[in-house]
Structures are given as C-alpha cells and as structure tokens.
Amino acid sequence: MGKYNHSEIESKWQKIWEDNGTFKAEINHDKPKFYGLVEFPYPSGAGMHVGHIKAYSGLEVVSRKRRLEGYNVLFPIGFDAYGLPTENTAIKTGVHPRIVTDNNIKKFTSQLKRVGFSFDWDRVVDTTDEGYYKWTQWIFLKMFENGLVFRDKTLVNYCPSCKVVLSNEDSQGGKCDICHTDIVQKTKEVWYLRITEYADKLLDGLKEVDYLPNIKLQQENWIGRSTGAFVNFKIAEQDETLRIYTTRPDTLYGVTFMVIAPEHPIIEKYKDSIANYADLENYKTECAKKSEFERTQLVKDKTGVKIDGLTAINPVTGKQIPIYISDYVMMGYGTGAIMAVPAHDTRDYDFAKKFGIDIIEVIKGGDISKEAYTGDGEMVNSDILNGITYKKEAIEKILKILEEKGVGEKGVQYKMKDWAFNRQRYWGEPIPIVHCPDCGMVAVPYEELPLRLPPVDNFQPGSDGESPLAKIDSFVNCKCPKCGKDAKRETDTMPQWAGSSWYFLRYCDPKNSEALASKEALEYWMPVDWYNGGMEHVTRHLIYSRFWHKFLYDIGEVNTPEPYAKRTAQGLILGPDGVKMSKSRGNVIDPNDVVDEYGADVLRVYVLFMGDYEQAAPWSESSMKGCKRFLDRLWALQDMLVDGDEYRPEMMSSMHKTIKKVSGDIESMAFNTAIAALMTLINKIYEIGSVNRAEYKTFITLLNPFAPHITEEIYELCKFGGMLNEQKWPSYDEKLCIDDTIEIVVQINGKVKSKINIPADMEQAEVLAVAKADENIVKACEGKTVVKEIYVKGRLVNIVVK
RNA sequence: GCCGGUGUGGUGGAAUUGGCAGACGCGCCGGACUCAAAAUCCGGUGGUAGCGAUACCGUGCGGGUUCGACCCCCGCCACCGGCACCA
C-alpha cells in the first residue's frame, strides 16, 4: 500500500470528474429528479470562507447520496455578483467593477473546485452577465405591466450643503454627519415593488412547504398580518371622517382621545381652521429630525400636541374627544391614525397620563389607576357589550353594530412594507424605464432588452446623490418608445436582491436566449427539492424570491406556486476563539490553507463533524486532526483486507446498523452522527483486525458523499470495478440490524443494579424471571416486597420494591 | 417589551423523543514500538469516597408529574438571534 497523498489523489479525481462530465445534469424522464440548491455566493475580493464550505457541504452530501440512489441530480452553482462592495473596491482601486468581478469569480471558482464539490459547472450563472440580467429586466417589465411597480414621493433626509441624501444614521441630531449643517426634509420619488399585494399568498404558501419551523415563524412575523377593524370617526367641525385601524374594536367605549401621525394629511387639509397649526408644524419638523434609534429609545416619554380646531366624535357614544398628533403613531402603518384606549393599551396609557386625559375602564381584571390592563375580562361601561367575557364575542358584536351603522368594518393589516427598489449606484441592473415628458413612465420594449449597463470610466457616485449613470448623456438621452419624442432614461439601478430573486429558475436552462428558461426544463426540474442557506436571508432573499416566483406563477411563466419545497439553514462557523469570524478580529480560516495541509476530504468531513449542522460551532484545528486520523485509518484498512463478498457474521449487525444510521442521518442533516457511526464501525474493524472486500466496499460507499476523493481512490486500488460514483447506495435489512443476544439493563426503583444478556426474541415473562434470578438483583431485593415489574422490550427491566 | 433558540465532563458535542446520561472526536493519563522523538497501535478517562466489589452525587436554578425525567408541566436565571411605540 502506498502512502495517502491527498493533494495528488484529489487533483487526480477532480480532473477525472471534469473530463467525464460526471456531474452534468441532463433532463432524463427515466429517473426521478432531485434539485438541490445552495445559496450562490457573492464573489468578494476576500475569497471564500470556511463558512461557505460548510454551507455547501450539507447538500453536497445529500446530492452525492441521491446520485448513488439513482436520482437524476441538479446541483448548480453561480455568482450573485452585483453589489456595493465590488463597486467600492472599484472606486478605491480605479479598476472597473467588471474586471473586479471577473477576477473574484475566477478566484471563487478555483477554490470551489479544489474542495471537489459536485456542482454542474456547465450551468454557472452570473447575475451581471447580460444574458442573465436581460431576464431580470424582463421580469421587472412584466411586473410593471401588471401594476406591481410604482413610484411614490417620500420624505428623505437631505443636506443642502453637501447636496446629498442621507440615511438616518448619517443625520443624527438633525445635523449632517459630514458638515454639521441642519438637515432638511426633502421629498424624493422612489421606485417600489408592490410586494404587499402578495402578503396573503406568501403567508398561505408557507402551509404547503417544508421549511424549518423557525424559518416559517420569522417569515410570518415579518409579514405581520393582523386582523381588526377600520372605524370612521366624524370630525365635529368639518364634513370629514377620520379613519382608524384597530385590533381591539371591542374597547371602543373606552376611547377617550385620538392620535394621528405628525405627517397625517388631514392637518394640511384643514390648516386654515386649526388655531395652532404652527405648533403642529414645529412638532412635525422636530420628529423628522429624530433618528429611528431615538424614536424607539424614548418609548416611555410620550410627546405630542393637541390639535386646536379638530374634534372627533366617538361613533358609538356620540361623545366629543380631542385629537392629538404624536410620533408614536406612524404614517406607514394602518391609516396613520388610532383611537386611543388608555385603560387597555400601555402606549395610550402613558400618553393619557402625561396629558391628563380621562381613562375609562371597559374590561375588568386590572387596576387602571396603576397601569393599563391588556388582559381579558368582563366588559363594563360598554352599553350593550357589558357582561361579555369573551373577547371574540365582544369583537363580533361590535363589528356588527359598526357595519349596521355604516361606520366601520373588518380589516387586515400587514407589517411588511412595499419594496423600495432603486439605488443610486452604478453596479446593478439598469431599470428599463424611460421618462417621457408626454407619456410619463414608459417601459423599454422587450425586444430592446437587455438594456445594457454602459461602460463608464468614472463610476463614482454624483455629488448630488444621483446615480453615476445620470452623467452619461448617451445613456440618458433617448427617444420615447411610445411617441418617439425626446425622453430620458431612468438612471437608478436595481438593488442587490434583484438578481438572486430568480436564479434558481435560470439554472434549469442557463443558456436560453428566448426565455428565462424553457417550459420543458422548468417542468422537469422545478420546484427546488431542497434549498439550504443562511438564516440571515429568511426575511430578505427568501421572501423576495418567493414573491417573484409567485408573480411568475400568476402570469403563467412557471409551473409551481412555490419555488422551494424544503428549506433548511446551516449554523455559522465561529473562529477558534468562539467569536464570529471577521477580518478585523483576525480569526478567519482560509479554506485554501486547510486544503493544502490536510486535503479537501478532511476539510469536508470536519465541517460536517464539528457539531450540529444547524448550530454555530467554533473552529478547532486539533479536532480537525481527528478527522484526518479517521481518513488515515480508512486508508490503512487496505493492509487489513481479506476476501469475501458477503459481510461476515461478526460484522453483520454492525454493517446493517451503520448503513441504516448513515442513510437516515444524512436525510435529517445529522451529518456529525453519521460520521460518528462510521468512526464507530472502523473502531470495530480494528478490534477484529481485518475487513473483507464486501465490508470495505460498503464502508467507502457510505463515506463517499463526505470524502469523495479518497474513497474513489481506494475503490480503484482495490479493483472493485468501474467507478465508485456509479455504484449503488448500500441497503440494509431491518431484521439484521438486531443482534441475536441483547443486553438488558435491570433497575431497582429506577436505578441500574445489573445487566443481563438475553436472546433478542425472549418473552417478557422469561426476561423478568432471568432478571430476578440475577445475583445482584436477588441481593438488592432481599427483605423487600416487589410492588411492580416493568419490562421495556429490548431495553430494560425495572423492579419496584418497598 | 414581544417572539424564537440554547444551557449536558477539561473540551466540540451524542442520547432511537419518557427507558443504561456523556456515543463519536479532541485533550489528558498509562502501556507497546523506537537509541530517542514524531507517527502509529493497545488500554483508561464525569465527580467524591474506597485497595476493591461498590456507594453516593451529577444534564443552568427551584418545585411537580412518573416505576423511571436532559426530555413533559409550573416558577425562575443566564446567554444568543429576530422584531420592536404595528394601534
């Protein structure tokens, strides 16, 4: 036996796989298909991270197992290459983002190939490739056509000195972070995708898919559906109603005031009848200066101003109540106005206390002189609702009354907001819209796609906060596709999340120039059977891509309502110091170094063995050496090999048990225990001192998905015939997993006192007899009476004595 | 504040979901091989007491249910993640 030389063996097999096209996926209706998807990387300049290796190794093992099980497997990879880090590198180094991206992709590709992942390299997609982003733009236009794209004016922070739009973080304290000039509020038009229209579909679709429970929960919370009621309050002084949203219409009799957002349009509308309009304006300006952070930190100290000139009328009591403006009510949720029930809402309570407003109890159970009571209880002070104790009943009853009176109805609200979709940056997909002075927003005709990102020398953002594209006259100036007059192109680009919202569809047919993918390919491969990725994408990419997919389903472009049948997530790899790996901390492990020193197989086995796949675990080089030792021991088995094409009796149950354990554990992503089972098996072989050919072949087949290079090499050296990746996944027989004799634990009062060996098929009465005859048990029972005897088949006997 | 997760030896983590707590790996201790070291192989390894068979203690803390609890129930604590004045 030669020495195990990992670098030689690994490059040898990687070349063979590449030359043979081993992992190329082709449509084949004779085989069941399996589409395994991992999140394609953002090709950063830093290169790959061991975290990438762990993220891909999970489904890599599943995919290789599926092939051995006879599936036709699609396991693709690509690059999500548009984005800010690349653009910033370009600005800093003066190298064009196209070149930066190409270099980074090259680097990532070589790193991925060195690990021996079984990706189909013929299907690589690059979101910045014009053959790809043509279809990203195409989908955008389809959405535009279907009314899911709109523009809206919103208030943004703007520095008049720097002439730049600032984020809240850049404008703390109401001053520009750079020049300390006072920030002004400026209205700017922004592109939106109407994702809220799909809120219910995104929510309902979760019932059909197999996602980890916490992933579903996070998405549900993010969408944040709440049911309640809209209620219209008449304004006493005007022919006007103020509409509010509430989840607690049952507390309507406890309403003592109303609050509207500082930006609520009713103020502007009646400014001539509002005596303290100037005060309200001042308050609004103050609020606009506050950062998000301040707005959420000052929760307890409520602020606000009473509107002098507008009074509301409670629709059920007819009582007149004051209206306040306060920043604890947001314009972006509900109607931007609330009915305040201080007795039963903590925020309203704080506000009422501060402003000396009446607090009326309508639900018994708390002490409203001390705090708001938000629990359930008997209704009081509520006219016809009095005496009701079930919230649901009270809500139904009041809703009926509101509907009869025509002053309110059932309603639904979502926390999720529409998707602000444009960025003032260069390195992204150009938004294919033309602004025509006569026709307004006009779509670029489909046949003109892709709308190419023009090559530029200067991709620095403009000083006025405009996209660098705005400076390129040849790009900006165009003819209106509708009327032919002079028009201007939109110069903003799409956000990073656009390209990744449909890449899994492109993998099905990556080179198609007629469609985003052919119907045939989509019908064969979709949906993705198993998608694995990071938790950080659950409420971003995972929601966005489900939204795009559901839209494409609605317009008949794809055949499944959900893109992913199953979704799992891997845990982080922490640095050796137990903290998240980061460049600044200097605890990053480079996979290249590990491959050089230990080999790809060791790296692959280790990232899956280091702990629970879904949990974060710290890197440990010495622990990785254990995996190296394991593979060395496997290699050394070649010297212990004996003939035999059936498992030997002494190995029989171990073999079958291990096949069962490894097969099941891979399916539940319990890779660590699957590897542990193989380690246990090798320990057993060392104990016996030999392994026969049948046993060895099964062993390397089970390990093949984890350590494909060394197992292929052993397979070849042992002349088993053909290649390992073409063999069948081993099967097991449940009956043979059981040993002839089994060890039973004998307990007295739940404490282990002895162990007995019995034939596996022994009857209960006999087992109990044997157990009671055991000398330790006889001794322990002396002078006591047996109260109860319990036998758990194949496990234990418990004798209860007094 | 709300939602979710985690808590087990010196250490990373197991435990077929109510049935031998600590699989497997690391580390450590001892032995073999070696002039020696490394590598490898064999054995040991939760704590306390005991030469020992063995006994007692032990899964963040305090209760409970059960013949039996890391697992289920009630009440706490700590750490991690997400959302956060969402009406």
Side-chain angles (χ1 to χ4, degrees), chain A residues 213-215 217-218 220-222 224-226 228-229 244-248 251 258-259 261 292 295-302 326-330 332-341 345-348 350-351 413-417 535-536 538-539 571-572 574 578 580 605-606 609-612 614-627 629-630 632-633 636 657 660-661 664-665 670 672-683 686-687 743-755 776 787-801:
Chain A
N214 55 332
I215 294 179
L217 222 100
Q218 263 195 46
E220 278 165 14
N221 290 342
W222 184 260
R225 185 188 149 106
S226 92
I244 62 96
Y245 175 73
T246 178
T247 54
R248 296 295 304 274
T251 60
M258 298 187 78
V259 186
E292 277 300 314
R295 270 183 96 146
T296 53
Q297 286 305 300
L298 301 167
V299 172
K300 273 160 255 150
D301 191 25
K302 294 277 181 290
S326 174
D327 63 354
Y328 85 89
V329 173
M330 313 287 153
Y333 185 81
T335 61
I338 63 160
M339 61 178 219
V341 187
D345 180 286
T346 47
R347 296 152 304 180
D348 298 346
D350 293 342
F351 193 89
Q413 281 296 308
Y414 304 92
K415 282 190 204 173
M416 189 170 64
K417 307 247 169 72
M535 280 308 287
E536 70 274 18
V538 166
T539 50
L572 291 176
L574 307 174
K580 197 174 162 177
V605 169
Y606 176 60
F609 181 67
M610 61 196 299
D612 182 339
E614 288 167 21
Q615 237 33 64
W619 186 266
S620 156
E621 180 149 356
S622 61
S623 196
M624 184 171 59
K625 282 181 182 158
C627 295
R629 205 167 288 161
F630 168 56
D632 284 341
R633 278 158 71 84
K657 265 192 257 182
K660 181 181 177 182
K661 178 81 178 149
D665 281 357
N672 53 340
T673 51
I675 295 165
L678 289 165
M679 289 173 168
T680 307
L681 185 62
I682 209 169
N683 288 344
Y686 270 73
E687 197 184 298
E743 194 182 65
I744 297 277
V745 168
V746 186
Q747 299 179 331
I748 300 287
N749 293 344
K751 297 206 166 180
V752 181
K753 292 289 170 184
S754 186
K755 291 173 185 183
N776 285 344
V787 182
K788 204 170 175 183
E789 291 166 357
I790 293 137
Y791 174 52
V792 182
K793 197 170 184 313
R795 291 194 195 282
L796 62 71
V797 168
N798 188 15
I799 297 167
V800 186
V801 296

Report task. Using a 4.0 Å heavy-atom cut-off across all strands, classify A:D612 as base, sugar-phosphate, or nothing. Result -> sugar-phosphate
Query raised in the report: Less than 4.5 Å apart, any side-chain heavy atom of A:F630 and any of A:F609?
Result: no
Requested in this report: Assign the ring pair A:Y328 / A:F351 to parallel, tilted or perpendicular, where the plane angle (0 to 90°) is split at 30° and 60°.
Outcome: tilted
Query raised in the report: B:rC26 base to A:K625 side chain: any donor-acceptor pair below 3.5 Å?
Result: no
Query raised in the report: What's the CD-C1' distance between A:Q615 and B:rC80, to the nearest Å?
Result: 10 Å
Query raised in the report: Touch check for A:Y414, heavy atoms < 4.0 angstrom, all strands: base, sugar-phosphate only, or nothing?
Result: nothing
Query raised in the report: For the side chain of A:K415 and the base of B:rC83, is some donor closer than 3.5 Å to an acceptor across the two?
Result: no
Query raised in the report: Choosing from B:rC42, B:rG19, B:rC57, which nucleotide comes nearest the side chain of A:Y686?
Result: B:rC42
Report summary line: Closest of B:rC3, B:rA14, B:rG82 to the A:T673 side chain is B:rA14
Query raised in the report: So, is A:R795 near the phosphate of B:rU16, with a side-chain N or O under 4.0 Å from OP1 or OP2?
Result: no
Query raised in the report: Looking at the side chain of A:K302, which of B:rC85, B:rG27, B:rG82 is the nearest nucleotide?
Result: B:rC85
Report task. Take A:D348 and A:G750, find for each the nucleotide of RNA chain B with the closest heavy atom, and name the residue whose nucleotide sits nearer the 5' end. Result -> A:G750
Report summary line: Classified by glycosidic angle (syn within 90° of 0, else anti), B:rG7 comes out anti
Query raised in the report: So what's B:rC2 paired with, Watson-Crick or G-U wobble, going by both distances under 3.5 Å?
Result: B:rG82
Query raised in the report: Can you list the residues that meet the side-chain contact (heavy atoms from CB on, under 4.5 Å) rule with A:Q747, with sequence neighbours excluded?
Result: A:V745, A:V752, A:L796, A:N798
Requested in this report: Taking only the side-chain nitrogens and oxygens of A:Y333, find out if one of them lies under 4.0 Å from OP1 or OP2 of B:rA87.
Outcome: yes
Query raised in the report: Nearest to the side chain of A:V792, which nucleotide is it out of B:rG19, B:rA87, B:rG13?
Result: B:rG19
Query raised in the report: Is any side-chain heavy atom of A:V801 less than 4.5 Å from a side-chain heavy atom of A:I748?
Result: yes
Report task. Please measure how far the P atom in B:rG62 lies from the corresponding atom in B:rA78, and state the result in whole Å. Result -> 16 Å
Query raised in the report: Say you pick atom C1' in B:rA23 and the same atom in B:rG12; how far apart are they, in whole Å?
Result: 13 Å
**Report entry** Pairing nucleotide - B:rC56, Watson-Crick or G-U, each distance under 3.5 Å
**Finding:** B:rG47
**Report entry** Whole-Å gap separating P (B:rG13) and CD (A:E614)
**Finding:** 14 Å
Query - Donor-acceptor contact below 3.5 Å, side chain A:S620 vs main chain A:S623 - result: yes
Query raised in the report: Below 4.0 angstrom from OP1 or OP2 of B:rC41, is there any side-chain N or O of A:R629?
Result: no
Report task. Tell me what A:A616 touches on the nucleic acid: a base, only sugar-phosphate, or nothing, going by heavy atoms under 4.0 Å. Result -> sugar-phosphate
Query raised in the report: How far, in whole Å, is B:rA49 from B:rG10 if one measures between their P atoms?
Result: 15 Å
Report summary line: B:rU40 glycosidic conformation (syn if within 90° of 0, otherwise anti) is anti
Report task. Quickly work out the A:I682 CD1 to B:rC42 P distance and round it to whole Å. Result -> 11 Å
**Report entry** Touch class at under 4.0 angstrom, heavy-atom based, for A:E789 against every strand present
**Finding:** nothing
Query raised in the report: Roughly how far apart, to the nearest Å, are B:rC42 and B:rG47 at atom P?
Result: 24 Å
Query raised in the report: In terms of side-chain heavy atoms of A:F609, which of B:rC83, B:rC24, B:rC56 is nearest?
Result: B:rC24
Query raised in the report: Distance check: side-chain N/O of A:N672 vs OP1/OP2 of B:rG12, anything under 4.0 Å?
Result: no
Report summary line: Nearest heavy-atom contact between A:N214 and A:M535 is ND2-CE, 3.7 Å
Query raised in the report: Which part of the nucleic acid, if any, lies within reach of A:Q413 when heavy atoms closer than 4.0 Å are counted: base, sugar-phosphate only, or nothing?
Result: nothing
Report summary line: When A:P618 and A:V745 are each assigned the nearest nucleotide of RNA chain B, the 5'-most assignment goes to A:P618
Report task. For nucleotides B:rG19 and B:rA69, find the distance between their C1' atoms and express it as a whole number of Å. Result -> 10 Å
Query raised in the report: B:rC41, B:rC24, B:rC85: which one has an atom nearest the side-chain heavy atoms of A:N683?
Result: B:rC24
**Report entry** A:N798 side-chain N/O to B:rU66 phosphate OP1/OP2 under 4.0 Å
**Finding:** no
Report summary line: Considering only heavy side-chain atoms of A:A676, the closest of B:rA23, B:rG25, B:rC42 is B:rA23
Query raised in the report: Counting side-chain heavy atoms from C-beta on, which of B:rG19, B:rC85, B:rA87 comes nearest to A:V329?
Result: B:rA87
**Report entry** Euclidean distance, atom CG of residue A:N749 to atom C1' of B:rG19 [Å, nearest integer]
**Finding:** 15 Å
**Report entry** Same-atom distance (C1') from B:rA14 to B:rC20, integer angstrom
**Finding:** 14 Å
Query - Below 4.0 Å: OP1/OP2 of B:rA55 and any side-chain N or O of A:K753 - result: yes
Query raised in the report: Rounded to the nearest Å, what distance is computed from the NZ atom of residue A:K751 to the P atom of nucleotide B:rA69?
Result: 10 Å
Query raised in the report: Roughly how many Å is it from CG in A:D632 to C1' in B:rC41, rounded to a whole number?
Result: 14 Å
**Report entry** Counter-base of B:rC41, judged by Watson-Crick or G-U geometry with both distances under 3.5 Å
**Finding:** B:rG31
**Report entry** B:rG46 to B:rC67 separation - C1' atoms, rounded to the nearest Å
**Finding:** 26 Å
Requested in this report: Tell me what A:L217 touches on the nucleic acid: a base, only sugar-phosphate, or nothing, going by heavy atoms under 4.0 Å.
Outcome: sugar-phosphate
**Report entry** Nucleotide opposite B:rG18 in a Watson-Crick or G-U pair, distances under 3.5 Å
**Finding:** none
Query - Interatomic distance where CD belongs to A:Q747 and P belongs to B:rA69 [whole Å] - result: 9 Å
Report summary line: Contacts of A:W619 meeting side-chain contact (heavy atoms from CB on, under 4.5 Å) (sequence neighbours excluded), chain-then-number -> A:V50, A:I573, A:P576, A:M581, A:I589, A:V594, A:L603, A:Y606, A:V607, A:M610, A:M624
Query raised in the report: Quick one: A:L572 CG to B:rG82 C1', roughly how many Å, whole number?
Result: 14 Å
Query raised in the report: Is a donor on one side and an acceptor on the other found under 3.5 Å between the side chain of A:Q413 and the backbone of A:G334?
Result: yes
Query - Span that lies between the C1' atom of B:rC2 and that of B:rC72, in whole angstrom - result: 25 Å
Requested in this report: Without swapping roles, check the side chain of A:D327 against the backbone of A:A261 for a donor-acceptor pair under 3.5 Å.
Outcome: no
Query raised in the report: At under 4.0 Å between heavy atoms, what does A:S620 touch on the DNA or RNA strands: base, sugar-phosphate, or nothing?
Result: nothing
